[in-house]
Amino acid sequence: MATPRTSWADVADAEPAPPPPVTTAPAPAANGPARSSYVPPHLRNRSAASAAPPAAAPPRAAPGLLSRPGAGPAPTGFGARPRGGGRGWDREPDPFADSAPAPGDAEGAADFEEHQNTGINFDAYEDIPVETSGREVPPPVATFAEIDLGDALNQNIRRCRYVRPTPVQRHAIPISLAGRDLMACAQTGSGKTAAFCFPIISGIMRGPPAARPQRGGGMGMRTACPSALILSPTRELSMQIHDEARKFSYQTGVRVVVAYGGAPITGQLRDLERGVDILVATPGRLVDLLERARVSLQSIRYLALDEADRMLDMGFEPQVRRIVEQMDMPPPGVRQTMLFSATFPKEIQRMASDFLENYIFLAVGRVGSSTDLIAQRVEFVQEADKRSHLMDLLHAQRDTGKQTLTLVFVETKRGADSLESWLCMNGFPATSIHGDRNQQEREYALRSFKSGQTPILVATDVAARGLDIPHVAHVVNFDLPNDIDDYVHRIGRTGRAGKSGLATAFFNDNNSSLARSLAELMQESNQEVPAWLSRYAARPSYGGGGRNRRSGGSHFGGRDFRNDSSSFGKGGSRGGSDYYGGGSSGGYGGSSAYGGGGYGGAGAPSAWD
DNA sequence: AAAAAAT
């Protein structure tokens, strides 16, 4: 797992990085696949040995941490609260141990470091517009010190090298410490995982020791009753959140368990049996666990949905609704509910409000902040020419001599396989991740990509959201998605933590329905829109005129849908007016600010994660 | 139409 270095609060004054691991893989970039570690698709599944992941770096304590006085097993203050059985957490494995660069980061370290140190620009985020609505919004804080999160958590914040809270953290943490429900929209890499984890962990530490759960109703002695549930839409994202949450919980006594499909359930059952305060899960596996009565939601005090709009879209909504509304989860108002996403279409906000009570809507950022760091290009490329065009891009990348990662999005799983093997045949070290690969393959692909061993990853939308992959310099939309929100999430895999990034899209007639929203988004992000794309966008059949609802029409605009009813409808000349809205800092009354002027309006945020 | 998510 990567260190949470995506945060803007990531230290500028970081202590020197630990020495690079001695384990080195041959530099993979220049001359084709690194044969020692890379397994091309046609050789996979032949020999387990050849596909075995590289030896892990030896476990290593983060420098100066374990030896630090006070980092001992007996935290003081409320951190010392004994947990059920209190067993063995003095031997809790150090979640910071893998914070060192992954093997394979080694030879790229110089290149990478350059990127690491150039991009973080705190000042760029100082005047980031923030909008809140709802009753009695607790004021934001400027520093972690202002928030009483407790000694143990504060120490972990230091270990994570967070020096000050990011904008979303400054606002969201006080809101959620005040016990309020929250719908939050925040930018790429802005530390939103921490924004919901800190209050949850702190709340669990302060809260009453878990009451003896009500047995009965099918509950056995082996039924786990977590206090907090964090749902996410993909397995890899759940793993990532789990890794982060474990770091934040280190030596607090708060136990974090992850449960997702595609992996043997037995290990997860064992983890649950050892005790769980925070359960991170994907919906399918959680439903399974609930049906087996190995998990009960009756003690849930905190519910967080990451990528909340995704969790409530057509594919997921029934399952999520079942978990939240039809199991033994306490109702809104009893539990505290927090929804986080970048994109938040209004119809999804409306649906989400079923899960919330008296909530606060929070939007952080706008066009011209984060996305300006992502240079967006669109090129007209016929289907038949895509491969050679991609090869040109990859050659150009290679010629820069920099070791960087390139993430290539395609529309279908088959397309991912076939592009991957074509790249490999042509000497490019590529791997792939999609839902038809088994979980081991998925995890290996991601590791191999992150470490730089396979610096090209071909992916479906399974990798579009939330994944924090440092050093992705280039996102290629080999196939454009049909939904502008997906585009926003995809390009948000680069340009994270204040670093710059590049996103290239291949556009052709098959993508005409995206033309308008894409042109708008680019315009709002101060990107140059090719004239041909503007012409596409102006074609009436592609939304140039009418109210183009989905496929772009309802992109999140930094607005609380509750303030919406009176805002629109008048001056509704521009069909897309509901698409805009984030920019006006003057509160929500000023509907007139949104109607006019065609494209250049105060824009919708774009790389909101 | 496709992707994801349980076995």
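Side-chain atoms are counted along with the backbone in the values below, which use heavy atoms only and exclude waters and symmetry mates. Proteins get letters first, then strands, A, B, ... in listed order; numbering begins at 1 in each. What you see is a predicted model, and the numbers here were worked out from it, not measured in a lab.
- N511(A) places its CG atom 15 Å from the P atom of dA2(B), with the value rounded to the nearest Å.
- Between the P atom of dA3(B) and the CD atom of E317(A) lies a distance of 22 Å, rounded to the nearest Å.
- Rounded to whole angstrom, the span from the NE2 atom of H434(A) across to the C1' atom of dA5(B) amounts to 16 Å.
- Rounded to whole angstrom, the span from the CG atom of D461(A) across to the C1' atom of dA1(B) amounts to 13 Å.
- Atoms CG (L269(A)) and C1' (dA6(B)) sit 13 Å apart, rounded to a whole Å.
- T412(A) has no side-chain polar atom (N or O) that falls below the 4.0 Å cut-off from OP1 or OP2 of dA1(B).
- Heavy atoms of D288(A) sit under 4.0 angstrom from at least one base atom.
- Look at CZ on R322(A): it is 11 Å from C1' on dA6(B), rounded to the nearest Å.
- Taking atom CG on D436(A) and atom P on dA3(B), their separation rounds to 8 Å, with Å as the unit.
- For dA2(B), neither phosphate oxygen OP1 nor OP2 lies less than 4.0 angstrom from any side-chain nitrogen or oxygen of R414(A).
- Residue G315(A) is in base contact, counting any heavy-atom pair closer than 4.0 Å across all strands shown.
- Among the protein residues, R442(A) comes within range of the sugar-phosphate backbone only, with heavy atoms under 4.0 Å from sugar or phosphate atoms but none that close to a base.
- Ring geometry for F248(A) versus F198(A): interplanar angle over 60°, hence perpendicular rather than tilted (30 to 60°).
- The side chain to side chain donor-acceptor pair (under 3.5 Å) search around N426(A) returns none, not counting sequence neighbours.
- In this structure, of dA6(B), dA4(B), dA2(B), it is dA6(B) that holds the atom nearest to the side chain of T282(A).
- Atom CG of D485(A) and atom C1' of dA3(B) are 15 Å apart (whole Å).
- R235(A) comes within 4.0 angstrom of sugar-phosphate atoms only, judged by non-hydrogen atoms across all strands, and of no base.
- Among dA4(B), dA2(B), dA6(B), the nucleotide with an atom closest to any side-chain atom of E291(A) is dA6(B).
- Between F409(A) and F478(A), the distance from one ring center to the other does not fall under 6.0 angstrom.
- Each salt bridge (Lys or Arg N to Asp or Glu O under 4.0 Å) pair with one or both residues in residues 226-237 of chain A, not counting sequence neighbours, appears once here: E236(A)-R442(A).
- Looking at N482(A), its side chain comes within 3.5 Å of the base of dA1(B) through a donor and an acceptor atom.
- Annotation: Q440(A), atom CD; neighbour count of heavy atoms from other residues, nucleotides and ligands within 6.0 Å does not exceed 12.
- A close approach under 4.0 Å does occur between a side-chain nitrogen or oxygen of T460(A) and OP1 or OP2 of dA4(B).
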